[in-house]
Amino acid sequence: MSARILDGRVIGKAIRNRTRLEVDDLVRITGVVPGLAVILIGDDPASRIYVANKIRACTDVGIRSSMIEYPKDVPADTLIDAIERLNDDPATHGILVQLPLPPHHDVRAVLHAISVEKDVDGFHLYNVGGLVVGDTIFSPCTPFGVMNILDHARIPIEGRNVTIVGASNIVGKPMALMMMRRDATVAVCHAKTRDLAQYTILADILVVAAGVPNLILPQMVRTGAVVIDVGINRLPDGRLVGDVDFEGVSRKASCITPVPGGVGPMTVTMLLVNTMSAARRFVERTRGPILTPVHPQDITQLA
Ligand code: NAP
């Protein structure tokens with residue numbers, strides 16, 4: 001068996017094309033251009049690349065973006081003041097603080113300072129809690145991207161066994177909640193899970209987000225499973241790989257995401273979707289409902 005490749009670049013492009021149409025409609029009908037502000041703290045080279053990618057992606061779909069940079073030792077007050085100014089700025093509809101923050105910063109305080117209505121990364125306590133009760137405004141971009149890959153590939157979720165390897169606040173836990181809302185039976189594994197394979201082998205859909213190259217080997221995967229590799233690891237020889245033995249597992253799985261080119265492009269795509277949605281919500285809050293043409297609906301809004 002050779003797995004079907006779930007290509008995040010292709011799926012992401014289709015969603016971005018539709019987002020571009022939605023942005024055009026919003027601008028034409030209301031004059032409002034969706035705006036994203038990105039805050040970058042410190043000089044982490046990987047963060048700088050991620051931010052540049054996000055800004056380029058915004059430009060591609062017509063979202064206006066701005067980057068605000070601070071040195072790594074910026075005082076907490078300065079940061080919170082900047083976020084509050086952006087919260088009050090009617091031209092800014094989404095605010096993103098690039099993570100990870102330099103170690104001495106209080107990540108929670110920073111993320112919770114962002115207005116819930118502008119929290120396009122979906123990390124504010126309200127949006128995180130909203131995932132539990134189905135009231136979230138913005139879903140976190142990476143697990144939201146995974147759901148969109150599955151939906152685009154018409155892979156059913158209801159009633160399936162889903163195993164998630166990795167239990168972080170930004171990927172594993174929200175992923176589990178989203179899967180539960182779609183009536184999957186979910187197991188969540190982490191570094192202290194004993195005998196990981198006894199959980200992974202049960203999975204109809206296996207989502208791996210641990211940050212450990214080659215963690216998932218073919219013998220840990222059920223024949224015909226759908227395997228979503230969220231991991232991004234840079235090997236000493238410079239290669240970028242996921243957490244899954246792609247070659248081996250491809251021979252056993254029915255569908256698999258590659259690294260690079262799987263979940264990664266979807267994360268940025270969902271940021272664009274969330275920012276467009278934030279701008280639309282802003283217009284509707286301040287001016288009332290807007291009537292825009294309907295474009296084919298294929299994005300799963302999990303709220
Ligand atoms: P994280 O905060 O370091 O969390 C890693 C999770 O994996 C933790 O829950 C950890 O368990 C668990 N884990 C670590 N080693 C394990 C093992 N041997 N067996 C089972 N579980 C293990 O990382 P993250 O931010 O969630 O990111 C995870 C990976 O996804 C990274 O490679 C990251 O680069 C990638 N990522 C990709 C995207 C994308 O767009 N494609 C977005 C975000 C992250 P404990 O909780 O017990 O420590």
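Atoms within each ligand, like the ligands themselves, are counted from 1 in listed order.
- Ionic pairing of R108 and D106 is not present here: no N-O contact between side-chain nitrogen and carboxylate oxygen is shorter than 4.0 angstrom.
- Per-residue contacts place I170 under 4.0 angstrom from the following atoms of ligand 1 (heavy atoms of the residue considered): 25 (O).
- Note on ligand 1: G172 sits outside its first shell, no heavy atom being nearer than 4.0 Å.
- Counting heavy atoms of neighbouring residues, nucleotides and ligands inside a 6.0 Å radius, atom CZ of R285 exceeds 12 of them.
- Of all protein heavy atoms, the one lying nearest to atom 34 (O) of ligand 1 is I232 O, 3.5 Å.
- In terms of protein heavy atoms, atom 18 (N) of ligand 1 is closest to L215 CD1, 3.6 Å.
- Atom 29 (C) of ligand 1 has as its closest protein heavy atom G211 N, 3.6 Å.
- Between the side chain of N127 and the main chain of T136, no donor-acceptor pair closer than 3.5 Å is present.
- Proximity annotation for atom 9 (O) of ligand 1: of G242, P100, A167, A191, A167 comes nearest, heavy atoms only.
- Closest to atom 36 (N) of ligand 1 among all protein heavy atoms lies V230 O, 3.7 Å.
- Set against the non-hydrogen atoms of G166, the atoms of ligand 1 under 4.0 Å away are 6 (C), 7 (O), 9 (O), 12 (C).
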Result block: side-chain N/O donor-acceptor pairs under 3.5 angstrom for residues 30-37, not counting sequence neighbours:
unit_1 : atom_1 : unit_2 : atom_2 : d
T30    : OG1    : L26    : O      : 2.6
T30    : OG1    : V32    : N      : 3.1

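- The distance from ligand 1 to the heavy atoms of G264 drops below 4.0 Å at these ligand atoms: 40 (O), 41 (N).
- Here N169 has no heavy atoms under 4.0 Å from ligand 1, in either its backbone or its side chain.
- Protein heavy atom at the shortest distance from atom 46 (O) of ligand 1 is H190 CB, 3.9 Å.
- Side-chain atoms of D204 never come within 3.5 Å of backbone atoms of R160 as a donor-acceptor pair (strictly under, hydrogens ignored).
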Practice item. Applying side chain to side chain contact (heavy atoms under 4.5 Å, CB included), run through R281 and I137 and close with a yes or a no. Key: CA-CA 10 Å; R281 287 175 66 91; I137 300 174; 3.5 Å; yes

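- The shortest heavy-atom contact between F246 and I5 is CZ-CD1, 3.5 Å.
- Interface of T267 with ligand 1, defined as ligand atoms under 4.0 Å from a residue heavy atom, comprises 39 (C), 40 (O).
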Listing, residues 60-84 side-chain donor-acceptor contacts under 3.5 Å, not counting sequence neighbours, or none:
unit_1 : atom_1 : unit_2 : atom_2 : d
R64    : NH2    : A91    : O      : 2.3
E69    : OE1    : R48    : NH1    : 3.2
E69    : OE1    : R48    : NH2    : 2.7

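- Listed by number with element, the atoms of ligand 1 under 4.0 Å from a non-hydrogen atom of K192 are 47 (O).
- Within the 3.5 Å criterion, the main-chain N or O of L217 finds no donor-acceptor partner in the side chain of D245.
- In summary, R28 and D25 engage in a salt bridge, as defined by a charged side-chain N under 4.0 Å from a carboxylate O.
- The part of V165 lying near ligand 1 is the side chain, judged by heavy-atom distances below 4.0 Å.
- Note that CZ of F138 is 6.0 Å distant from CD of E117, once rounded to the nearest 0.5 Å.
- Counting heavy atoms only, V171 comes closest to atom 44 (C) of ligand 1 of the residues V171, L240, V241, V146.
- Scanning the protein for heavy atoms near atom 1 (P) of ligand 1, the closest one is S168 CB, 4.0 Å.
- Under a 4.0 Å criterion applied to the non-hydrogen atoms of T142, ligand 1 contributes the atoms 40 (O), 42 (C), 43 (C).
- In this structure a side-chain-to-backbone donor-acceptor pair under 3.5 Å is missing from R182 to I157.
- In terms of protein heavy-atom proximity, atom 15 (N) of ligand 1 is closest to V212 CG2, 3.6 Å.
- What sits closest to atom 3 (O) of ligand 1 on the protein, heavy atoms only, is A210 O, 4.7 Å.
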